[in-house]
Structure formats: C-alpha cells, structure tokens
Number of protein chains: 2
Amino acid sequence: MVNRAATGSARAPRRKDGLSRERIIRTAIEILDSGGEKALTLRALTVRLGTGYGAIYHHVEDKGDLLATATDEVVTGVLSGVVAEADPRAALRGLALGLFDAVDAHPWVGAELSRQPWRPGLLDFYESVGRLVAALGVPEHARVDAAGTLVNHVLGVAAQNAATARLLTDGDTGADTDTDGNTDREAFLGDAAARWARVDPARYPFVHAAAARLGEHDDREQFAFGVDIFLTGIAALR
Amino acid sequence: MVNRAATGSARAPRRKDGLSRERIIRTAIEILDSGGEKALTLRALTVRLGTGYGAIYHHVEDKGDLLATATDEVVTGVLSGVVAEADPRAALRGLALGLFDAVDAHPWVGAELSRQPWRPGLLDFYESVGRLVAALGVPEHARVDAAGTLVNHVLGVAAQNAATARLLTDGDTGADTDTDGNTDREAFLGDAAARWARVDPARYPFVHAAAARLGEHDDREQFAFGVDIFLTGIAALR
DNA sequence: ACCTGAACACCGTTCAAGT
DNA sequence: ACCTGAACACCGTTCAAGT
C-alpha cells in the first residue's frame, strides 16, 4: 500500500518518511476525528503509520500523553485564530465560542479537557479569560472564581458535546459515516427526542415541554446564551 | 440494612444470600467509593460477591449499565434529601449544592454524569431546576436554556471534581488511604500548586496570581459563587 | 431460573533483539 | 538512536455446562 521508491534512480531518500512525535500526534488526531475516541488504539496507530509499537513508545510516553498532547494541539491552534475584540464582553464571547467550535469539530477534545482541565493547552485560554474579567471591572478578589466559572461553563458544554458524539460514533465502524452523512445522526436524535417525549407529562411537565421543543434547539445558541447569563452575572460584581 | 425476617422460626431461607441486581449495584458502589473508577472491574465484583461472571451478567446488562444504575442510585438518593425552600433562589442554591456534595462524596459519579447527562437519575433534578427557574420569573422561551445552563454548571464542576479524584486515587491500590487519611492528597495538591506557580509570571500574570492563592481556595465556595453568578445573570432575564 | 468458570477478543505496554 | 514484533498482563464479555 505504501509503494515507496516507485520510480528508480533515487539515491538514498533520507531513509523512510521519518517517524516523529509530531507525525504520530497528527495521525492520532486524524484517527480521533474520523473514528472517535474509541478508534484510537495503539494497534490502529501502528497500522496507519506502518511501524511497530516500540517505535511509537519511543516518541511518546503513554497513550495518555498522546491524547493530552493531541488535545493541546487542537486547543492552542484554535485560540490563536480567535480575532481580538476591543470590548471585553465581546472578546470573552468570541473566546468562548472559539473553543466551543473547536470542540464541536473535534468532540474527543471535550472529553479529554474535562479529564485533564489543567493542561497547558488551556493556559492561554484561562489567562485571556482572567484578564478580560479584570477588564470588565470585577474586583480582584472575585476574579479567579469568576474566570473559573466561565471556563467551567465551556468545559461542561464540551463534555456534553463529547458525550453526544460518543453515542453517535462509538460502536460504529464509521464505515457509512462518509457515504450517508447524517442519517445516523438524525435517526439517533429522533430516537432520543422520542424517548424524552415519553416521560410522564404529569410528573415532569418541564422536561416534557423541553423535549417537545428539542427539534428547534441549537447547541451553539444555548451555549452562547449561557455565556451571556454568566457575563451578566459577572458584570454585577463590579 | 434490610434485615427482614430476622427472628427465628423462618422456614426455607430462600436459598443463599441471594444474589440480586440491587446487591450487585450496592457492592459496585462500595468498590467505586473506596477504590475509585479504576477499581471497579468485573473480576473485583466476582471476588467481592463470591460468584462468577455469568451470575453478574444475568442481573446486569453491561458494565455501562452497572455504572449508570449506580450513578442513578446515588443521585436520586441525595436529591430526595434536599430540604425544600420557599424562596426559589435559596431552593436552587440548595439543590445545586446538594448535588455538589453528592459528587464530592462519590467523585466517580461526576465522571459518569458528564458521560451520560440524560440519565433518569437527573430527571428530577432537571425538572426541579426548570420549575424554580420559572418561579424566578424567567420568560417561557428562555427557561430551557437557563435551566440547561445551571445543570451544565453543576455537571461541569462535577466532572472537574472527578478528574481531581482520579488523579488522587487511581493507580493507588487504596491501601494507605484509610491509615493516613489525606497525606497523599496534601502531597499531591502541594505538587500541583508548585507546578502551577512555576508558570511564567511575565507571560501568565493572571494564572500565576491565581496559583499563588490556590491554598485559600475552597471548591465548594467557588461552586456556590458560580451558582450565584448564574442566579444574578438569570434575574436580568425577567 | 440461576449460577460457574474456562475461553475469547481486544486492549496498553514491555523488552530482547535487530539495524 | 531508532525501530520491530512477539509476549505479557489485564480488561469486558460470552457460553457450554452444571444445579
């Protein structure tokens, strides 16, 4: 399948492709993105990279190390792409939505972030949130808690997102994910909505009503709404 | 604890202790509480219950089923113990803190809740939050999102709590957890604080300052603070 | 119906051996 | 230094066989 040195005359081509820590992590991200958390096994990595286990363990400490570094990669990559805003409120909203979108695109990141919230990948995020909270006029003694609350909101939604994605893709071989797009997703969501709608309306009126409106629901909007609630609450601390 | 037909004269004692779904789940909870998520293996269960694998699978669908049911058990048990309050704000705070305390006592619950946020164990919680949010005067169209945001805050902190607990107990055999109490915990927290304090103060002034104050930090207070921020933010929706 | 436990499939990880 | 791949320890789960 690799078919290297197909043409001829080439002298010594540096050796092979050159296995490196970066390439391993990049490949891991690809596997995670296409097949979900469950798809990332050391075996799958060796196959995809065309090497053995030891080669991977030579560049990477652990599977945990692998997952954590992959997560850092995605998070830092996205945060640097967030446009700077003058207004602290708008900046905070943009920052939060930036991370939301990243997790939305890579749901496994949500699971990993809630597993290890103190990873360096979140350092810049935390720092930015902290400064912006200060810029909002929050007194010093409340800044840490306020920033923590906002970060927690992001991580909480991220975890939820990951849970939904896991339900959608795990167990699946991922074979027909490409062919049909979102039939699976729709089927699942319909199923979930039906199950939620089945709760006793007499005993759970609120949940029942919420389930009925599940179709109109937009995760991103709900997330942004939550951010605004916290921003309003935080503004009152001034 | 049930102890039925304790006195004599009882005819056929029904057979042995009688392995039941309830007993399996109760034992699972014990293992999870004392040894953490990693300690719950089917093998450990068979040993503790003195049976084989098949016996367990006869009463329980899955390990997932086991974990989910155990989580439901803990959550519903605690929510029924929360005292009713007349003031919606106080009631919401009490409800949230009740779940926080439950997760604090059983950290594995936090991980499981963020893995499956739609479990029946959370139904009553979600319903109560929804009604109280309505009682606060939040307009109907915003209630679902508002309630969802609060639930997410609770689940987010719960997941974080679980992550910390996992770092503390997993890998550990749990042998000296009882003897020495919290030496391990203190050692770990000191280590974490030291690592956080090591971040570059020039590049990360906020995080660095936060790390310095990590000692005075109380998780429960920060959680309650977040709830209050949320409540303040929600009041503006009226 | 309820239980037993060997067997199976599949993990992450190690390590003597190669280049 | 970097890589190979058989081997190991340990999972969750199954299933023919027992009572």
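Below, read A as the first sequence line, B as the second, and so on, with proteins coming before strands; counting in each chain starts at 1. Heavy atoms only: backbone and side chains are in, while hydrogens, waters and symmetry mates are out.
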ask   = Rounded to the nearest Å, what distance is computed from the CG atom of residue A:L45 to the P atom of nucleotide D:dG5?
value = 16 Å

task = Answer yes or no: does a side-chain N or O of B:H59 lie under 4.0 Å from OP1 or OP2 of C:dC3?
result = yes

query = Where the side chain of B:L42 is defined as all heavy atoms beyond and including C-beta, which of C:dT13, C:dC11, D:dG12 is the nearest nucleotide?
reply = D:dG12

ask   = Tell me: CG of B:L19 to P of C:dA1, nearest whole Å?
value = 16 Å

query = Cut-off 3.5 Å, side chains only: do A:D62 and A:Y57 have a donor facing an acceptor?
reply = no

key: Among C:dC3, D:dT4, D:dT13, the nucleotide that comes nearest once only the side chain of A:A55 is considered   = D:dT4

query = The side chain of B:D62 lies closest to which of these nucleotides: D:dT13, C:dA1, D:dT4?
reply = D:dT13

request  = Counting heavy atoms from C-beta on, name the nucleotide in C:dA6, D:dG12, C:dC3 closest to the side chain of B:Y53.
outcome  = C:dA6

query = Can we say A:E30 and A:R48 salt-bridge, meaning some charged N sits less than 4.0 Å from an Asp/Glu carboxylate O?
reply = yes

query = Is the backbone N or O of B:V157 less than 3.5 Å from a side-chain atom of A:N152, with the two atoms forming a donor-acceptor pair by type?
reply = yes

query = Nearest of D:dT4, C:dG12, C:dT4 to any side-chain atom of A:T51?
reply = D:dT4

message = Under 4.0 Å, heavy atoms only, any strand: does A:L66 hit a base, just the sugar-phosphate, or nothing?
response = nothing

ask   = Salt bridge between B:D65 and B:R21, side-chain N to carboxylate O under 4.0 Å?
value = yes

ask   = To the nearest Å, how far apart are A:I56 CD1 and D:dG5 P?
value = 12 Å

note = Closest heavy-atom pair, A:A147 versus A:G130, reported as atoms and distance to 0.1 Å, is CB-CA, 4.2 Å

request  = Round to a whole Å and report the spacing from NE2 of A:H58 to P of C:dG18.
outcome  = 18 Å

inquiry  = Among D:dG12, C:dG12, C:dC3, which nucleotide has an atom closest to any side-chain atom of B:Y57?
reply    = D:dG12

inquiry  = Expressed as a whole number of angstroms, how long is the span from B:R43:CZ to C:dC11:C1'?
reply    = 18 Å

request  = Assign B:L40 to base, sugar-phosphate, or nothing according to its heavy-atom contacts below 4.0 angstrom with the strands shown.
outcome  = sugar-phosphate

task = State the dot-bracket string of DNA chain C. Criteria: Watson-Crick or G-U wobble, both atom distances under 3.5 angstrom; notation: ( ) intrastrand, [ ] crossing earlier pairs, | interstrand, . unpaired.
result = ||.|||||...|||||.||

message = Taking the minimum atom-to-atom distance to the side chain of B:T41, which one of D:dC3, C:dG12, D:dG12 wins?
response = D:dG12

task = Could you check how far CZ of A:R21 sits from P of D:dC2, rounded to whole Å?
result = 14 Å

request  = May I ask you to say whether B:K63 pairs ionically with B:E37, meaning some side-chain N is under 4.0 Å from a carboxylate O?
outcome  = no

message = Centroid separation under 6.0 Å, is that true for the rings of A:H153 and B:F230?
response = no

